[in-house]
**Student:** 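First the structure, then my questions, so here it is.
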Amino acid sequence: MQEVRRAAPRWSIGDLARRTGVKATTIRWYEQEGLLPAPARSEGGHRVYGDDHLRRLGFIRHARELGFGMPAVRGLLGLAGRPRDACREAHALALAQIEEIDSRLRRLAALRAELTQMAASCAGGPAADCRILETLADFEHGHCADPAHGREAADPAHGRGERPA
């Protein structure tokens with residue numbers, strides 16, 4: 001009996017984008033950054049992706065959904081490619097990400113407290129007497145529960161230093 005071989009799946013960049021929920025422009029950027037290997041090309045020069053690309057892109061997307069920055073994703077991918085190595089690096093990256101999440105939660109709690117205080121001070125009268133508008137106009141942030149949020153509002157990339165996915 002002759003064994004029937006099935007052709008490996010081959011997807012266009014659009015197909016891969018639809019299957020993973022990652023935009024085609026982001027897929028090309030991951031390739032450019034070396035996070036995703038260069039795909040084969042069709043006779044017409046179009047990118048052709050396979051299972052390895054799908055799995056690796058899924059790994060990257062999941063890591064990004066968990067909030068890992070690109071340097072951490074790069075490190076995790078490197079470790080995934082060395083299955084015999086100890087996973088200390090992955091453990092350290094996960095712990096660092098947990099601390100980052102905890103830090104964000106503290107900042108969000110402080111922002112929530114400030115907004116709650118602002119909303120409670122609003123009597124609902126004319127805009128000229130609105131404490132919310134008055135507080136927002138105070139750009140010095142001397143009254144804020146978390147002075148760091150003033151920097152983040154002025155600089156959306158503050159603390160991230162990376163391209164969004």
Side-chain angles (χ1 to χ4, degrees), residues 12-38 47 49 53-82 85-165:
S12 69
I13 195 166
D15 293 336
L16 188 65
R18 280 186 288 282
R19 289 181 66 93
T20 61
V22 176
K23 294 178 183 177
T25 53
T26 303
I27 294 170
R28 285 191 289 274
W29 186 76
Y30 287 159
E31 288 173 27
Q32 180 182 346
E33 292 296 309
L35 296 170
L36 198 62
R47 291 173 166 90
Y49 298 90
H53 293 99
L54 179 70
R55 282 190 296 274
R56 190 167 177 101
L57 191 54
F59 181 103
I60 294 168
R61 180 171 185 229
H62 194 192
R64 296 291 290 153
E65 287 171 346
L66 291 171
F68 286 104
M70 293 312 295
V73 171
R74 191 176 301 281
L76 291 165
L77 283 168
L79 185 59
R82 301 183 315 271
D85 285 6
C87 70
R88 285 185 301 272
E89 180 184 355
H91 185 254
L93 289 169
L95 290 176
Q97 185 58 20
I98 291 167
E99 179 52 41
E100 175 60 28
I101 291 167
D102 288 344
S103 175
R104 285 186 204 158
L105 288 172
R106 287 188 297 273
R107 288 191 312 266
L108 285 171
L111 293 176
R112 186 181 195 290
E114 182 180 342
L115 285 169
T116 300
Q117 183 179 1
M118 284 171 48
S121 71
C122 181
D129 298 329
C130 181
R131 291 283 299 144
I132 294 172
L133 297 177
E134 182 182 324
T135 302
L136 291 173
D138 181 6
F139 58 88
E140 294 295 324
H141 291 95
H143 59 277
C144 295
D146 181 5
H149 88 262
R151 287 193 313 271
E152 291 169 2
D155 179 10
H158 174 75
R160 288 193 296 273
E162 61 186 46
R163 176 190 164 134

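What you see is a predicted model, and the numbers here were worked out from it, not measured in a lab. We're numbering straight along the sequence, starting at 1.
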**Student:** Locate the shortest heavy-atom distance separating Glu33 from Arg74; write the atom from each residue and the value.
**Tutor:**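 It is O-NH1, 3.0 Å.
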**Student:** How far does NZ of Lys23 sit from CH2 of Trp29, to the nearest 0.5 angstrom?
**Tutor:**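 Between atom NZ of Lys23 and atom CH2 of Trp29 there are 14.0 Å.
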**Student:** Enter the distance from Tyr30:OH to Met70:CE here, rounded to the nearest 0.5 Å.
**Tutor:**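 Answer rounded to 0.5 Å: 5.0 Å.
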**Student:** Excluding sequence neighbours, so at least two apart, what forms salt bridge (Lys or Arg N to Asp or Glu O under 4.0 Å) with Arg112?
**Tutor:**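 Arg112 satisfies salt bridge (Lys or Arg N to Asp or Glu O under 4.0 Å) with no residue once adjacent residues are dropped.
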**Student:** I need the Glu31 CD to Ile13 CD1 distance, nearest 0.5 Å.
**Tutor:**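 Result: 5.5 Å between the selected atoms.
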**Student:** To the nearest 0.5 Å, what is the distance between CG on Leu133 and CG on Asp138?
**Tutor:**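 One gets 13.0 Å once the value is rounded to the nearest 0.5 Å.
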**Student:** Would you give me the side-chain donor-acceptor pairs under 3.5 Å for residues 53-63, sequence neighbours excluded?
**Tutor:**
residue, atom, partner, partner atom, Å
His53, ND1, Gly50, N, 3.2
His53, NE2, Pro37, O, 3.2
Arg55, NH2, Asp52, OD1, 2.4
Arg56, NE, Leu35, O, 2.5
Arg56, NH2, Leu35, O, 3.3
Arg61, NE, Thr20, O, 3.3
Arg61, NE, Glu65, OE2, 3.3
Arg61, NH1, Thr20, O, 2.7
Arg61, NH2, Glu65, OE2, 3.3

**Student:** Distance from Asp129 atom CG to Glu134 atom CD, nearest 0.5 Å?
**Tutor:**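 Answer for the CG-CD pair, Asp129 versus Glu134, is 9.0 Å.
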**Student:** Taking only residues two or more places apart in sequence or in another chain, which ones pass side chain to side chain contact (heavy atoms under 4.5 Å, CB included) with Ile132?
**Tutor:**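 Expected list: Met118, Cys122, Cys130, Leu136.
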**Student:** Just to verify, what does Arg28 make a salt bridge (Lys or Arg N to Asp or Glu O under 4.0 Å) with, not counting sequence neighbours?
**Tutor:**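 If we apply the salt bridge (Lys or Arg N to Asp or Glu O under 4.0 Å) test to Arg28, skipping adjacent residues, there are no hits.
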**Student:** Taking the side chain from Gln97 and the backbone from Leu66, do they hold a donor-acceptor pair closer than 3.5 Å?
**Tutor:**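 Yes, Gln97 side chain to Leu66 backbone: donor-acceptor pair under 3.5 Å.
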**Student:** Any chance you could lay out the salt bridge (Lys or Arg N to Asp or Glu O under 4.0 Å) test for Arg107 and Glu114, step after step, and finish with the verdict?
**Tutor:** CA-CA 11 Å; Arg107 288 191 312 266; Glu114 182 180 342; over 6 Å; no
**Student:** Can you measure from CZ (Arg106) to CG (Leu111) and round to the nearest 0.5 angstrom?
**Tutor:**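 Rounded to the nearest 0.5 Å, the CZ-CG separation comes to 13.0 Å.
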**Student:** With a 3.5 Å distance limit and no angle check, can you tell me whether Ser103 reaches the backbone of Glu99 through a side-chain donor-acceptor pair?
**Tutor:**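 No: the side chain of Ser103 does not pair with the backbone of Glu99.
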**Student:** Please name all residues satisfying side-chain hydrogen bond (donor to acceptor under 3.5 Å, both in side chains) with Ser121, sequence neighbours left out, ordered by chain then number.
**Tutor:**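 Scan of Ser121 (side-chain hydrogen bond (donor to acceptor under 3.5 Å, both in side chains), adjacent residues dropped) gives none.
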**Student:** Do Ser12 and Asp15 meet the criterion of a side-chain donor-acceptor pair at a distance under 3.5 Å?
**Tutor:**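 There is such a pair between these side chains.
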**Student:** Salt bridge (Lys or Arg N to Asp or Glu O under 4.0 Å) with Asp85: which residues, sequence neighbours excluded?
**Tutor:**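 If we apply the salt bridge (Lys or Arg N to Asp or Glu O under 4.0 Å) test to Asp85, skipping adjacent residues, the hits are Arg82.
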